[in-house]
Amino acid sequence: MLLTISTTDARAPATDLGYLLHKHPERVQSFPQSFGTATVVYPEASAERCTVALLLEVDAVRLARTRGRDSPDFSLAQYVNDRPYAASSLLAVALADVFSTARAGICKSRQDLADGPLPLTITIPVLPCRGGPDVARRFFEPLGWTVAATSVQLDPAFPEWGASRYVSLVLTGEVRLADALNQLHVLLPVLDESKHYWQGPDEVDKLLRSGGEWLAAHPDCELVVRRYLGRRTTLARVALARLAELDDVAEADVDADPDDEHAVPEPARVPLNTLRHEAVLAALAEVGAETVIDLGCGPGQLLRKLVADHRFVRLAGVDVSVRSLQQAARAVRLEKMSERQAERTSLFQGALTYEDPRFAGYDAAVLMEVVEHVDPPRLAALERVVFGVAAPATVLVTTPNVEYNDLYEGLTGHRHHDHRFEWTRAEFRAWCDAVASEHGYSVEVRGIGDVDPERGTPSQLGVFRRG
Ligand code: SAH
C-alpha cells in the first residue's frame with residue numbers, strides 16, 4: 001500500500017516538508033503497527049520539490065489474529081484478501097499514527113508553514129473506492145482539491161472484464177498539511193467503506209478530532225459520518241449532533257446515497273447551530289440593534305449572517321484565537337469587500353476577561369457559546385468587562401443546557417472538549433439573574449431548539465436589556 005505527498009513550495013525549501021511531518025528526508029524510518037509495518041521514505045528531496053512516501057506492508061496473518069474477539073471470522077477471506085495491496089482503513093490508521101504531530105498542526109520550527117495552505121500533490125495508486133471515481137471526486141472536491149481519479153482495470157490483459165473497484169487517485173491543491181492528513185484519515189475508510197478494526201465509543205471523538213471544521217462544512221458531512229462509523233446509527237447520531245455544534249450540517253438527505261440500503265429515512269431537521277443563529281438574529285431585530293459586536297466570534301458563522309443583513313450599520317468580531325479570526329475573515333469575505341463594506345466590519349483580537357475600550361460603543365453584544373469556555377474563576381472578570389464596562393444596551397448570551405445531554409445517545413462528558421462547564425436551566429437562570437441585578441440589566445431567558453418535556457431545550461438564550 002502506498003501513498004505519496006509532494007510539495008513544491010515557492011516560499012520555503014520544499015524539504016521543509018520534513019519539518020512539518022517531523023520525519024527527516026534523509027532517513028528511512030519504520031513504524032511497527034499491530035497489523036504490519038509502516039515505512040516513511042522520501043523518494044525525492046530537493047529545494048524545489050519534495051515527496052514523502054508512506055508504505056504499508058500488511059501481515060495478513062497478524063491482521064487475522066488481532067481481530068476483535070467478539071467477531072470471530074474463520075473464513076479464508078480473513079487470510080486471502082486485498083488488504084496487503086490496497087490503500088484502506090489500515091493505511092488511514094498508519095497515517096494517523098505515523099504523522100500524529102503533523103495532524104495536530106504543530107511544528108514549532110516552521111509554525112507559519114504548518115498554519116497556512118501549501119501546494120500539495122497526493123497520490124494513491126490503488127484505492128478501494130465504492131462507487132468509483134465520481135465518489136472520490138464528490139468527497140474531495142468540496143475540500144478544495146483538484147481530483148484526478150481513474151478506474152483501475154480489473155486486468156489490463158482483458159479490457160473486456162471492465163473496471164475493478166479500485167481507483168488511482170491524484171489530489172492537487174493548496175491545503176494546510178494538517179487538514180490534508182486529517183481529510184485522508186477520515187475519507188480513506190469512507191471511500192473503502194469497510195473498516196478493519198474494532199470501533200469503540202471513542203470512535204466519535206476520533207472522527208471529530210480529525211474532522212472538526214472541514215467536515216462540519218462538507219456538503220456530504222452526513223454521508224461521510226454514516227460511512228465512517230460503519231452505519232452504526234447511534235454513533236452517527238452522536239457525531240452529527242456534535243458536528244452541528246460546529247457548523248450547519250447539511251440536512252439529513254439519506255436519499256442522496258441510492259446504494260445505502262441500510263439508511264433509515266429521518267425527518268429533515270434544522271441543525272441546532274442554525275436555530276441558535278435564528279434566535280440571536282430575532283432578538284437583535286426585536287431590540288432594533290444597528291451596531292453589534294460578536295464577542296468570541298470563533299470562525300465567524302454568525303458574523304457572516306450579520307454582514308449579509310443590511311439593517312446592521314456597524315459590526316465587529318472579537319476572539320482570543322488568531323486562527324479563528326483568520327477563518328472569520330474568510331467567512332465574511334473581508335478581502336473581497338468594497339472599502340465601504342470593509343469599514344462597516346472590523347475583526348480584532350482581544351480577551352474578554354480584560355477591559356478593552358474597543359468593546360464599547362455597540363447597541364448589542366453577542367456572547368454565543370462563549371461563557372462555557374471561560375474558567376469559572378475568570379467568569380466574574382468577563383461579566384465586569386462586558387456588562388460593567390462595555391455595557392451595551394443589549395447583551396445576548398447563549399450556552400448549552402446540560403440537562404439535554406442525556407438525549408444525545410452515547411455522549412459522555414461535555415459537548416465540546418474545551419467546555420469548562422455546562423449549566424442546567426436553573427444554573428443558567430441563576431447566573432443571568434445575578435449578573436442582571438449586579439449590573440443594572442433586566443433579563444429574559446429563552447430556550448433554543450426542540451423542547452423535551454423533562455429536559456427542556458438543547459440550548460438556552462439570555463436576553464439582557466440595560467435599565
Ligand atoms: N461564537 C462562536 C464561537 C463559539 S466557540 C459560535 O457560536 O460559533 C467559543 C469561542 O470563544 C472560541 O472561538 C474561543 O476562542 C473564544 N473565547 C474563549 N474564551 C475567550 C476569551 N477569554 N476571550 C476571547 N475569546 C474567547
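Everything quoted here is computed from the prediction, not taken from an experiment. Ligands are counted one by one from 1 in listed order, and the atoms in each one are counted from 1 as well.
- In terms of heavy-atom proximity, Gly296 sits nearest to Asp319 at C-OD2, 3.3 Å.
- Closest heavy-atom approach to atom 20 (C) of ligand 1 within the set Leu367, Leu302, Val320: this belongs to Val320.
- Distances from atom 7 (O) of ligand 1 to the heavy atoms of His416, Met368, Arg420, Arg323 show the closest one on Met368.
- Counting the atoms of ligand 1 from 1 in the order shown, those under 4.0 Å from a heavy atom of Gly298 are 3 (C), 13 (O).
- Neither the backbone nor the side chain of Pro299 comes within contact range of ligand 1; no heavy atom lies under 4.0 Å.
- Ring planes of Phe387 and Tyr441: perpendicular class, angle over 60° (limits at 30 and 60°).
- A salt bridge links Arg455 to Asp406: one of the charged nitrogens lies within less than 4.0 Å of a carboxylate oxygen.
- Residue Leu352 has at least one heavy-atom neighbour below 4.0 Å for each of these atoms of ligand 1: 21 (C), 22 (N), 23 (N), 24 (C).
- Electrostatic pairing of Glu372 and Arg420 does not count as a salt bridge here, judged by no charged N lying under 4.0 Å from a carboxylate O.
- Within 6.0 Å of atom OH in Tyr19, 12 or fewer heavy atoms from other residues, nucleotides or ligands are found, so the atom counts as exposed in its surroundings.
- Checking Ala381, Gly300, Gly350, Gly296 against atom 24 (C) of ligand 1, the nearest heavy atom belongs to Gly350.
- When the options Val366, Asp319, Val322, Leu325 are ranked by their closest heavy atom to atom 13 (O) of ligand 1, first place goes to Asp319.
- Stacking of Arg378 on the aromatic ring of Tyr354 is recorded, both the 6.0 Å distance cut-off and the 45° axial limit being met.
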